Protein chains: 2
Amino acid sequence: MKHKGKATSFDIAHYAGVSQSTVSRALRNSPLVNEETRRKVHEVAAKLNYKVDKNASNLRTQQSSTLALLLFEDPTTDESQINPFFLSMLGSITRACAKEGYDLLVSFQSSSQDWRADYEDSHRADGIILLGYGDYLDYQSRLQQLLEQNTKFVCWGAKVDGRPDLTVSCDNYGGGQLAAQHLIEQKRTDCAFIGDASHHSPEFFARYQGFRDTFLAQGIQLNERKIANAISTQDSGYHATKSLIANNVHFNALFAASDLIAIGAIRALQEAGIMVPNDVRVVGFDNIPAASYVSPALTTVQQNTTLAGQMLVSNLLSLIRGEEVESTLLPPNLIVRNT
Amino acid sequence: MKHKGKATSFDIAHYAGVSQSTVSRALRNSPLVNEETRRKVHEVAAKLNYKVDKNASNLRTQQSSTLALLLFEDPTTDESQINPFFLSMLGSITRACAKEGYDLLVSFQSSSQDWRADYEDSHRADGIILLGYGDYLDYQSRLQQLLEQNTKFVCWGAKVDGRPDLTVSCDNYGGGQLAAQHLIEQKRTDCAFIGDASHHSPEFFARYQGFRDTFLAQGIQLNERKIANAISTQDSGYHATKSLIANNVHFNALFAASDLIAIGAIRALQEAGIMVPNDVRVVGFDNIPAASYVSPALTTVQQNTTLAGQMLVSNLLSLIRGEEVESTLLPPNLIVRNT
DNA sequence: CCACTTTCTGACACCGGTGTCATAATGTCG
DNA sequence: CGACATTATGACACCGGTGTCAGAAAGTGG
């Protein structure tokens, strides 16, 4: 049974002594085909190592059993380093896709550039997952265009009022609350915040708000001088903290909007001779793998990436099936370690 | 210009007042079509937001402009945690694919299960990249089958004699040498090795060999008692080191077969009151992102993931084009930090 | 035994492009 | 101006499946 090219359903039909139509039906286990015929066809197909041509099948059925993942990187991040939190997400999304019988196309996009989302237009994917921190979605017009084209997509990240996309996100506000409660319990009420207290990054801002409001409810107002901006990199956290210290700003606790920032902050503190957690307690956000490696191990607000991946995929699939879907908010979880 | 479904080349043809054939040619910038016609077609296509149907196009041309990445996880690893080294590789492979104009399908495979590699058979991908540590490829028969089916694939990892696949890998032996040389320069010749000194993992074994041989060349033989087995996780490294300490094994340097192992080892040492690097110097392997976060920052042998990703992709593409390709060995690089 | 349903199969159009071939339109040259 | 090359285009088969429809074969019942 040697062939030049790969076997087609006609080859199977020939060897099984049935028509090609019957082969197609038999392989998809259609109830229309006789049990014995079905067995025979499967047998021949296995022997010829036949696999359905996805291109032909997708073309005919007008769907691809494939999802596309667009990963937007922070444009200021080092080219080779990808935010480990998103890599965790990627892992869980991949698994969730596999479980649903979908393939996953992965593509990195630079937020600065005009990103392409033509995976659905070109019938390569049935839907798109958008993943990224920050303002990558501020291209309102782009989202609008996706909606108008009736492209199926879900976004990871904060739900922004007035933005009409379907999102799955961690309850960033609640996570900020968790961090604040933890520090209040530890009697550390003189807090610094490193992240982004402006509207630039919706996620970071929500974390900040939850944190701030929880302190406010205790009658404690965060001091503006103790807030420093940073993007989600270690270096950025390091420098932001460094400048607080240089300005003689004093605090006994620090909430970082992401673990990478927290790790950078701890480095800055330690270099300045400030002990963690004795002098300053630190709480991060994300629970990236490295959070447990660093010493002291980082106390942080965990985002459940496994669940997040599953929700992104299942929401997207619902959307593709034409069902009504609501944006989803996932509960965060405080992981208390040594900082 | 409203449509029910997505626009096809026939729609473009209709609006542009030409035949569908001409549209197809014009969009692919065939020299056969008149400049003015070409412009007109492009214009209409842009207005209708037309994108070529990849399924139809792939079906006809019998190729997919897509590569598949199979990522084999260490079966003992926690489900949610993926070896960060491979995530770095994934990032660089994605980028390399994008640069070459290819899409990338990503799929996680459990090495224990019977893995599927039918992406090429089903015409979803033109070739496959296999990525994983350890013995995931010991399924000789599986590889043999891929070869017989004339599936195009490249593997990441050590070149194993007698295994007929095309590989791209880091010079693990040379990396072991680098680590040994570094420690010898530091006058730390009483060394432990944590990893796998058996043939189980070809990569780890090669690292061990390079390390061992370099010491041998100095007339120093590694003490068997100072060798402990571990797989590439932090916990495994932690426990392996713990048991060395428990057995009263003494050493003033430690070479770990991977950074995760090294990070676990450092934790075990610190818990035992052994100072790093004063009492024991530690060298890891991989240079994962976390290596620079931990304190003290880890001295390690770097694998150039950016280059590795590029080589995997370019070698695979050469193979697909039917060119002769040699397995590639990439030079490692010692990163001296604080351990 | 004939009318009628049920079960199974094959023929055929179709999905949306690509490549080949024929041919019309235009240009070139002796 | 007729023979021929060049350029641009359209008609059409084809890639490898899926879905529809018609009809053969077998079963059922009055």
Side-chain angles (χ1 to χ4, degrees), chain A residues 3-42 44-45 48-66 118-126, chain B residues 3-42 44-45 48-66 118-126:
Chain A
H3 289 83
K4 319 102 204 281
K6 302 204 190 291
T8 72
S9 54
F10 284 92
D11 299 323
I12 314 296
H14 176 246
Y15 285 108
V18 294
S19 77
Q20 182 271 338
S21 306
T22 301
V23 171
S24 175
R25 277 188 291 253
L27 290 177
R28 280 172 300 136
N29 296 321
S30 158
L32 289 176
V33 24
N34 180 287
E35 174 59 24
E36 200 184 340
T37 319
R38 199 187 66 78
R39 258 203 14 262
K40 175 74 180 161
V41 168
H42 271 96
V44 175
L48 293 185
N49 198 47
Y50 169 80
K51 294 281 152 47
V52 172
D53 185 318
K54 278 287 175 183
N55 290 316
S57 157
N58 291 345
L59 173 58
R60 182 62 227 245
T61 58
Q62 297 290 40
Q63 41 128 322
S64 62
S65 297
T66 301
D118 56 359
Y119 291 93
E120 201 198 331
D121 305 323
S122 60
H123 290 96
R124 259 171 306 190
D126 297 333
Chain B
H3 290 83
K4 319 103 207 277
K6 299 201 192 295
T8 72
S9 54
F10 285 92
D11 300 324
I12 313 296
H14 176 246
Y15 285 109
V18 294
S19 78
Q20 182 271 337
S21 306
T22 302
V23 170
S24 175
R25 279 188 289 252
L27 291 176
R28 282 172 300 135
N29 295 320
S30 158
L32 289 176
V33 26
N34 180 286
E35 175 60 23
E36 200 183 341
T37 318
R38 200 188 65 80
R39 257 199 21 257
K40 175 75 179 161
V41 169
H42 272 96
V44 176
L48 293 185
N49 198 47
Y50 168 80
K51 295 280 152 49
V52 171
D53 184 318
K54 278 289 175 184
N55 290 316
S57 158
N58 292 344
L59 172 59
R60 181 63 227 242
T61 57
Q62 297 290 43
Q63 42 128 323
S64 62
S65 296
T66 302
D118 57 0
Y119 291 93
E120 201 200 331
D121 304 324
S122 61
H123 290 97
R124 262 172 306 188
D126 297 333

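Throughout, a chain's letter reflects where its sequence line sits, starting with A, and its residues are numbered from 1. Remember, predicted model here, so these are calculated numbers, not experimental data.
- In this structure, CD of B/Glu35 is placed 15 Å from P of D/dT7, rounded to the nearest angstrom.
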Protein-nucleotides 19-21 of chain D N/O pairs closer than 3.5 Å?
| residue | atom | partner | partner atom | Å |
| --- | --- | --- | --- | --- |
| D/dG19 | OP2 | A/Arg28 | NH1 | 2.7 |
| D/dT20 | O4 | A/Arg25 | NH1 | 3.3 |

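- Here the P atom of nucleotide D/dG17 and the CG atom of B/Asp121 are 12 Å apart, to the nearest Å.
- Between A/Tyr50 and A/Leu27 the shortest side-chain heavy-atom distance falls below 4.5 Å.
- Partners of A/Asn55 by side-chain contact (heavy atoms from CB on, under 4.5 Å), not counting sequence neighbours, listed by chain and number: A/Asp53, B/Asn55, B/Asn58, B/Leu59, B/His123.
- Scored by the side chain to side chain donor-acceptor pair (under 3.5 Å) test, A/Thr66 finds no partners at all (sequence neighbours excluded).
- Distances from the side chain of B/Gln62 to the nucleotides C/dC8, D/dG10, D/dG16 place D/dG16 closest.
- We find that CG of A/Leu27 is positioned 12 Å from C1' of D/dT18, with the value rounded to whole Å.
- We find that NE2 of A/His14 is positioned 14 Å from P of C/dG10, with the value rounded to whole Å.
- For A/Ala16, the side-chain contact (heavy atoms from CB on, under 4.5 Å) partners at least two apart in sequence or on another chain are A/Val18, A/Lys40, A/Val41, A/Val44.
- A donor-acceptor pair is defined here as one N or O able to donate and one able to accept, closer than 3.5 Å; such a pair exists between the side chain of B/Asp126 and the backbone of B/Ser64.
- In this structure B/Asn34 satisfies the side chain to side chain donor-acceptor pair (under 3.5 Å) test with no other residue, sequence neighbours excluded.
- Of all nucleotides listed (C/dG17, D/dG17, C/dT9), D/dG17 comes nearest to the side chain of A/Ala56.
- Every salt bridge (charged side-chain N to carboxylate O under 4.0 Å, His left out) that B/Asp118 has, sequence neighbours left out, goes to B/Arg116, B/Arg124.
- Taking the side chain of B/Thr37 as heavy atoms from C-beta on, and the options C/dG16, C/dA11, D/dT9, the nearest nucleotide is D/dT9.
- Going from atom CG of A/Asn34 over to atom C1' of D/dA26 covers 12 Å, rounded to whole Å.
- For B/Ser19, the side-chain contact (heavy atoms from CB on, under 4.5 Å) partners are B/Ser21, B/Thr22, not counting sequence neighbours.
- Nearest-nucleotide positions on DNA chain D place B/Ser19 closer to the 5' end than the other of B/His123 and B/Ser19.
- A donor-acceptor distance shorter than 3.5 angstrom exists from the side chain of B/Thr61 to the backbone of B/Ser57, with no hydrogens or angles considered.
- Protein atom CD1 of A/Ile12 is 15 Å distant from nucleotide atom P of C/dG10, rounded to whole Å.
- Applying the salt bridge (charged side-chain N to carboxylate O under 4.0 Å, His left out) test to every pair with at least one member in residues 22-37 of chain A, sequence neighbours left out, gives these pairs: A/Glu35-A/Arg38.
- Between the CG atom of B/Asp11 and the P atom of C/dG16 there is a distance of 9 Å, given to the nearest Å.
- Heavy-atom nearest nucleotides on DNA chain C were determined for A/Val18 and for B/Lys51, and the one closer to the 5' end corresponds to A/Val18.
- Here the P atom of nucleotide C/dG17 and the CG atom of B/Asn55 are 10 Å apart, to the nearest Å.
- For the OP1/OP2 pair of C/dG10 and a distance below 4.0 Å, the side-chain nitrogens and oxygens of A/Thr22 include at least one atom meeting the criterion.
- Recorded end-axis angle for the helix from C/dC1-D/dG30 to C/dG30-D/dC1 stands at 50°, based on five pairs per end and rounded to 10 degrees.
- The side chain of A/Ser57 contributes no N or O atom lying less than 4.0 Å from OP1 or OP2 of D/dG17.
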